[in-house]
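Just below is one structure, and these are the notes that go with it.
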Amino acid sequence: MPLSWNEIKDRALTFSKEWQRASRERAEKDSFWNDFFQVFGISRRRVATFEEPVKKLGDKQGYIDLFWKGMLIAEHKSKGKNLDAAYTQATDYFYGLEEHELPKYVIVSDFEKIRLYDLENQTQIEFEVKDFHQEVHHFGFMAGYQKRHFQEQDPVNIQAAEMMGKLHDSLKESGYTGKNLELYLVRILFCLFADDTGIFEKNTFRELIEQRCNFDGSDLGLWMAQFFQTLNTPLDKRQRTLDEQLAAFPYINGNLFAEALPIAAFNAVMRQMLLDCSKLDWGKISPAIFGSMFQSVMNPTERRNLGAHYTSEKNILKLIKPLFLDELHKEFEKIKNNKNKLRQFHQKIGDLAFFDPACGCGNFLIITYRELRLLELEVLKILYGTQMAFQIEEIIKVDVDQFYGIEYDEFAARIAEVAMWLIDHQMNLKISETFGQYYARLPIRKSAKIHIGNALRLPWHQFADPEIVSYVLGNPPFVGSKLLDKTQRADMARLFAEVNNGKILDYVSAWYLLAAQYIQKTNIKVAFVSTNSITQGEQVSVLWNELLNHYHIKIHFAHNTFKWSNEARGKAAVYCVIIGFAAFEPVQRVLYAYADVKGEADRMEVKKLNPYLVAADDIIIVRQKKPIVDVPHMAFGNMPLDGGNLLFTNDEKEAFVIKEPQSEKWFKPLISAREFLQNQKRWCLWLVDIKPQELKSMPAVLKRVEAVKAFRLASKAPSTQKHAATPALFRDRKNPKTFILIPSTSSENRKYIPMGFFTANNIANNSCHIIPNGTFYHFGILMSEMHMAWVKYTCGRLKSDFRYSKDIVYNNFPWALDVSLKARERVESSAAKVLEVRSRYSDSSLSDLYDPLLMPTDLVKAHQSLDKAVDLCYRSQPFTNETARIAYLFELYNQYTAPLFQKEKKRRRQK
C-alpha cells in the first residue's frame with residue numbers, strides 16, 4: 001500500500017536535513033539514492049540497479065548510475081558539476097535500451113541540487129536538496145500518485161488494445177473461447193491496471209509471471225488460476241501455507257474473480273505476450289476510452305478500425321454538461337462560501353443517480369462518475385481543507401452504486417463494471433494526493449449496477465427505480481430503419497405498433513419512446529446522442545408527434561447537427577445531434593448551434609426549441625400533397641422501368657445510330673442527377689407518338705422494345721407487369737415545354753443544391769425532381785440561402801447527403817407572400833445572372849462549380865447578390881445567421897399552416 005502524502009512529506013523533510021550538508025564523497029552516492037527511495041516507501045534494491053551496463057551510440061560501453069526500468073534513469077555528479085552534461089550523459093544511454101525499458105523521467109543531482117526531467121510532458125524542475133520536502137509532490141509517480149493527462153487518442157490506448165488483441169487471438173486459437181475467454185481477459189485487464197496504479201504493489205503481477213512461471217509458459221495457467229482464487233479470498237480466510245508472493249496481493253472481491261474458470265494452457269509465446277502487456281504503463285490508460293477499444297479489438301472485423309468506435313470524452317461532455325454538470329457547478333460557485341449550504345449540496349450530489357439504458361462499455365457512466373467525483377473533491381477541499389483528522393471514507397458520498405446501466409452484450413457489460421472500478425480507483429488516488437492520506441476501496445463492496453439484457457424488452461422501472469434515478473443519458477445504437485436485423489425489426493414493430501408509419505423510424509427512436517414512458521410524472525431529465533435523422537425529414541412527424549402529444553415531452557437543450565468523429569484510424573464519423581428533454585417545462589432552453597458541423601458550437605439561450613432543433617414553436621411538418629402557397633407543383637422525373645434497354649451512353653448512341661440511322665430523331669438527352677452534376681451525356685429512346693409502321697421499319701429499335709416487354713413481364717410486381725402493354729414507352733412520360741430540375745440527392749458539402757433550366761428536348765430521369773413551367777423567380781428562390789436553410793433542417797439524408805423531398809421540403813416551404821414587382825424582378829435578374837456566370841464555365845461540371853473549394857469568385861458573388869435579393873422578399877432586416885433565418889421560416893410556416901390544420905381538425909370532427 002502506498003504511503004500517505006503526509007508520511008512522504010515527513011520523510012522528505014528528514015532527507016533534506018540529512019543531505020543538505022556540503023559535498024559528499026563518491027562512496028556515499030549509493031546511500032543518497034537508497035535514502036531517496038525510502039522517502040517513498042520503496043526498496044531501491046527491489047526496483048532499481050546501480051552501475052547498470054549498457055551500450056551507447058557507437059557501441060561504446062556505458063554504466064547507468066541508477067536505473068529503474070521503464071520508469072527513470074538517475075545520473076549523479078560531484079558537487080558543482082554541470083547538470084546539463086549529466087542529463088546528456090543519461091540520455092545517451094537510451095540507445096542501448098529496449099523500448100519497454102525506456103524511462104519516463106531523468107533525475108540528475110550533484111548532492112546539492114536535484115533536477116527532474118519529465119520526458120512525456122517535456123517539463124523540468126530544479127531545486128536545492130534542502131528544499132526537497134517542498135518539491136516532493138513532483139515525484140508522486142514514485143509512490144503511485146502520478147497525475148495523468150488522458151488524450152482522446154493517446155497511442156498507449158491503441159497499443160494496449162492491440163496487444164490485448166494478440167493475446168485474445170492466441171488464447172482463442174488454443175481452444176479457450178466464448179464467455180470464459182472474455183471474462184479471463186477482463187480479469188487480466190484489471191490486474192494490469194492494478195499493477196501500475198497502487199491496487200497491487202507496483203509490478204508485483206509482472207514479477208509473479210517473470211519470476212515464478214516457467215519460461216515455456218507450461219505452468220502459467222495454473223499460476224493464474226491460483227492467483228485469481230487468491231484475489232477472491234479474504235486475507236483471514238487464506239491458507240497459512242499460501243505462497244508468500246501470492247499472499248502479498250490484496251483481497252479484491254466485487255465478484256470479478258468469484259467464478260471458477262477453466263485453466264488456460266499457455267505456451268512460451270503467449271507468456272511473452274502477457275509480459276509485453278504488463279510492460280506498458282497501464283496507469284496511463286483511460287478507462288472511458290480503453291473499454292470500447294478493448295471490446296472492438298476482440299472482433300477481428302472491427303480491429304482494423306481500432307479506435308473508430310469509441311465515444312470521445314469531448315463528445316460525452318457535450319451531453320453531460322448541459323444535462324446536469326453545468327448546473328451543479330453553477331450552484332457550487334453560488335454557495336461555496338456557505339458551509340451549511342455546501343454540506344447540503346454535498347449530500348445532494350451523493351444522492352444523484354444516473355441510468356444509461358444502452359451503456360456499452362460504460363463510457364458515459366465513467367465520465368459522469370469522474371466529473372461528479374472531481375466536483376465532490378472541490379467541495380471537500382473547502383469543507384475540510386487539505387489536512388484531515390479522520391478517515392477519508394467517512395466523508396466521501398459519491399460511489400459507483402449510484403450508476404445504472406443496461407447492456408445487451410455481456411462482455412461489454414463486464415468491461416463497464418471493471419472500468420467503473422478503475423475510474424473509482426483513479427479518483428481515490430486523486431483524493432489521496434489532495435489530503436495526504438492513502439485511500440483505496442478494497443475490498444470492493446459496491447459496483448455499478450449493469451444489467452445484461454435487451455433494453456427494448458426490459459421494464460426499465462424494475463431495474464432502475466424512477467423514484468431514485470435523476471438522469472437518463474447515453475448513446476443508443478445508430479442503426480437505420482432499413483438496416484435492422486430480424487430481432488431489432490421485431491422490437492421496433494412491437495414498440496411502435498400503434499404509431500402510424502412507425503416502420504420508417506431509425507433504431508434509436510425506440511430509446512426515445514421508452515425514455516418518454518419511463519419519466520412520466522417525474523423530474524428526471526434525459527439526454528441522448530442520436531443520428532440527426534430523427535430531427536429531419538419524415539421521421540420527425542412520426543416520432544415527435546408521439547412524444548409531444550402523447551407524452552408531453554419538452555426539449556430542454558440540444559446540439560444541432562455536428563460531426564461526431566475522432567482522429568482514429570478508420571475515422572468513424574456520423575452526423576449527430578444531442579437532445580435533452582423531460583416531461584416538464586424547463587426553466588431555460590439552450591441551443592448549441594454549429595455554423596460548421598466540424599467546428600465548435602455557439603451557445604444560445606432561446607425561448608422555444610422544437611424537434612427540428614430550431615428556436616421556434618413545437619411544429620411538426622407533415623407530408624403535403626400540394627404546396628402550402630400558390631406556386632407551381634413539383635413532380636418526380638421519369639422512371640424508364642426498361643431494364644436499361646431504352647438507355648444509352650454517348651458512345652452507345654452513336655454506334656446505334658450508325659446501325660439504325662432512322663432512330664436518331666427519337667433520341668433525347670436523359671438528365672439524371674449524376675449526368676446533370678457531373679456534366680456527362682446520356683441518351684434515351686423517347687418513342688412517344690411513334691407510329692407502328694415507323695417502329696416496325698427500325699428492327700434494332702423494335703428489338704429493344706421487345707426486350708423491355710420481356711423485362712416487365714418477368715417482374716413479380718403486378719404494377720410492373722401492367723406496363724408491358726406499352727413497352728415502347730417509359731413508365732412515366734412527363735415532358736413539359738420548360739422545367740426546373742432539382743437533383744434528388746446532393747452533397748452536404750455544397751452551400752447550394754445545383755439546379756437547372758431545361759426545355760422539352762430533354763427528359764428528366766427519376767433521380768431528379770422537376771417543376772414544370774417554373775420561372776426565373778422560382779429558380780432564384782430555390783437556389784437561395786433562404787431555401788437551403790429550410791432544406792438543411794427538413795429534408796431527409798442519404799448518408800450525410802441532402803435527400804430532397806417533394807412532399808416534406810418543397811410543398812411545405814414558406815415562400816414569401818405579397819412580394820412587390822420590384823423585388824420579384826430583382827430575384828429574376830439575379831437568378832439569370834447565376835445562370836449566365838455558370839455558362840462561362842461550360843467545360844466544368846456543376847459538381848466542381850459548387851465545390852466550396854473550387855467555386856469561382858464571380859459565381860460566389862452572383863449567388864451573394866441572389867441571396868440578398870431573396871432575403872429582401874421576406875423582410876428588409878438582414879438575417880445575422882442561419883439560426884435566425886430558419887427560426888423565421890418556421891414562424892412563417894406556422895402562420896401559413898395554422899388555418900390548414902384548423903380546417904383538417906374541423907373535417908375530422910364532422911366525420
Side-chain angles (χ1 to χ4, degrees), residues 4-7 9 137 145 147 317 319-356 364-404 420-421 423-449 464-473 522-527 556 580 582 584 586-588:
S4 71
W5 269 110
N6 289 338
E7 291 175 294
K9 289 172 184 175
H137 59 281
Y145 289 117
K147 295 179 180 179
L317 289 169
L319 183 148
I320 68 173
K321 289 183 73 174
L323 178 62
F324 70 90
L325 195 58
D326 287 343
E327 190 177 312
L328 289 179
H329 276 283
K330 185 177 180 181
E331 183 178 354
F332 169 70
E333 290 297 325
K334 186 177 180 180
I335 53 93
K336 66 181 181 182
N337 295 322
N338 185 322
K339 287 197 172 183
N340 286 331
K341 289 185 177 179
L342 197 57
R343 290 187 183 93
Q344 293 173 3
F345 177 75
H346 189 197
Q347 186 61 54
K348 172 183 173 178
I349 63 175
D351 291 337
L352 296 176
F354 300 84
F355 174 33
D356 184 345
F364 280 80
L365 297 179
I366 293 162
I367 300 301
T368 296
Y369 182 71
R370 183 192 70 190
E371 294 302 311
L372 209 61
R373 284 291 303 269
L374 290 173
L375 177 58
E376 181 183 43
L377 180 57
E378 295 305 309
V379 172
L380 294 176
K381 285 179 182 178
I382 296 174
L383 289 178
Y384 301 99
T386 57
Q387 301 297 321
M388 300 185 56
F390 42 82
Q391 297 299 310
I392 289 177
E393 62 262 30
E394 296 176 5
I395 61 167
I396 293 179
K397 297 186 182 297
V398 179
D399 209 336
V400 291
D401 63 343
Q402 297 168 235
F403 291 76
Y404 300 79
M420 286 294 285
W421 289 328
I423 195 67
D424 178 60
H425 184 67
Q426 286 183 340
M427 292 300 101
N428 292 337
L429 289 179
K430 196 168 189 68
I431 202 167
S432 299
E433 181 182 348
T434 301
F435 290 105
Q437 181 184 135
Y438 180 74
Y439 174 61
R441 295 201 231 241
L442 290 176
I444 295 169
R445 294 186 175 87
K446 295 179 179 179
S447 302
K449 298 166 183 175
D465 188 346
E467 293 187 6
I468 296 173
V469 169
S470 314
Y471 302 97
V472 177
L473 71 169
T522 73
N523 290 321
I524 298 172
K525 294 181 181 179
V526 184
H556 287 211
F584 58 87
V587 175
Q588 143 187 314

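Along the sequence shown, residues are numbered consecutively beginning with 1. Computed from heavy atoms alone, side chains included, the values below leave out hydrogens, waters and symmetry copies.
- To the nearest 0.5 angstrom, I367 atom CD1 is 12.5 Å from L372 atom CG.
- Scored by the side chain to side chain contact (heavy atoms under 4.5 Å, CB included) test, D465 finds E467, I468 as partners (sequence neighbours excluded).
- In this structure, K341 has no side-chain hydrogen bond (donor to acceptor under 3.5 Å, both in side chains) partners at least two apart in sequence or on a different chain.
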Using a 3.5 Å cut-off and no angle test, enumerate the donor-acceptor pairs between side-chain atoms of residues 326-336 and protein atoms at least two apart in sequence or in another chain.
residue : atom : partner : partner atom : Å
E327    : OE1  : K525    : NZ           : 3.3
E331    : OE1  : K348    : NZ           : 2.6
E333    : OE1  : K336    : NZ           : 2.8

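- Under the rule for a ring-ring contact (aromatic ring centres under 6.0 Å, His included), the partners of F355 that lie at least two apart in sequence or sit in another chain are W460, Y518.
- Taking every heavy atom of both residues into account, L323 and V472 meet most closely at CD2-O, 4.1 Å.
- To the nearest 0.5 Å, the span separating CG on L352 from CD on Q402 amounts to 7.0 Å.
- Separation of atoms CG (L380) and NZ (K397) is listed at 9.5 Å; rounding is to 0.5 Å.
- The two residues I431 and R373 have their closest heavy-atom pair at CG2-NH2, 4.3 Å.
- Nearest heavy-atom pair across R441 and N428 is CG-ND2, 3.6 Å.
- A distance of 9.0 Å separates CD1 in I423 from OH in Y369, rounded to the nearest 0.5 Å.
- Listed here is the closest heavy atom pair of D351 and S470: O-OG, 4.4 Å.
- Taking the side chain as every heavy atom from C-beta outward, K381 and L377 approach each other to under 4.5 Å.
- Between F403 and F354, the ring planes are parallel. Angles under 30° get that label, and only those over 60° would be called perpendicular.
- How far CG of L342 is from CG of L383: 4.0 Å, rounded to the nearest 0.5 Å.
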**OP:** Evaluate the criterion side-chain contact (heavy atoms from CB on, under 4.5 Å) for residue pair F324 and T368; output intermediate values, then yes/no.
**Re:** CA-CA 10 Å; F324 70 90; T368 296; 3.4 Å; yes

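- Residues passing the side-chain hydrogen bond (donor to acceptor under 3.5 Å, both in side chains) test with H346 are E376, sequence neighbours excluded.
- Residues forming a side-chain hydrogen bond (donor to acceptor under 3.5 Å, both in side chains) with D401 (at least two apart in sequence, or on another chain): none.
- The 12-atom threshold is not exceeded at NZ of K321, counting heavy atoms of other residues, nucleotides or ligands nearer than 6.0 Å.
- Partners of D356 by side-chain hydrogen bond (donor to acceptor under 3.5 Å, both in side chains), not counting sequence neighbours: none found.
- Taking every heavy atom of both residues into account, I524 and F584 meet most closely at O-CE2, 4.0 Å.
- Once rounded to the nearest 0.5 Å, the distance linking CG of L319 with CG of L325 reads 11.0 Å.
- With contacts defined as side-chain heavy-atom distances shorter than 4.5 Å, the pair L442/H425 does not qualify.
- With sequence neighbours left out, F345 forms a ring-ring contact (aromatic ring centres under 6.0 Å, His included) with no residue at all.
- Across every non-hydrogen atom of K446 and W421, the tightest pair is O-NE1, 3.2 Å.
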Subject >> Working for salt bridge (Lys or Arg N to Asp or Glu O under 4.0 Å), residues K430 and E433 >> reply: CA-CA 5 Å; K430 196 168 189 68; E433 181 182 348; 5.6 Å; no

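- In terms of the side chain to side chain contact (heavy atoms under 4.5 Å, CB included) criterion, residue partners of N340 (sequence neighbours excluded) are, by chain and number, N338, R343.
- Here the two rings, on Y384 and F435, have centers that are 6.0 Å apart or farther.
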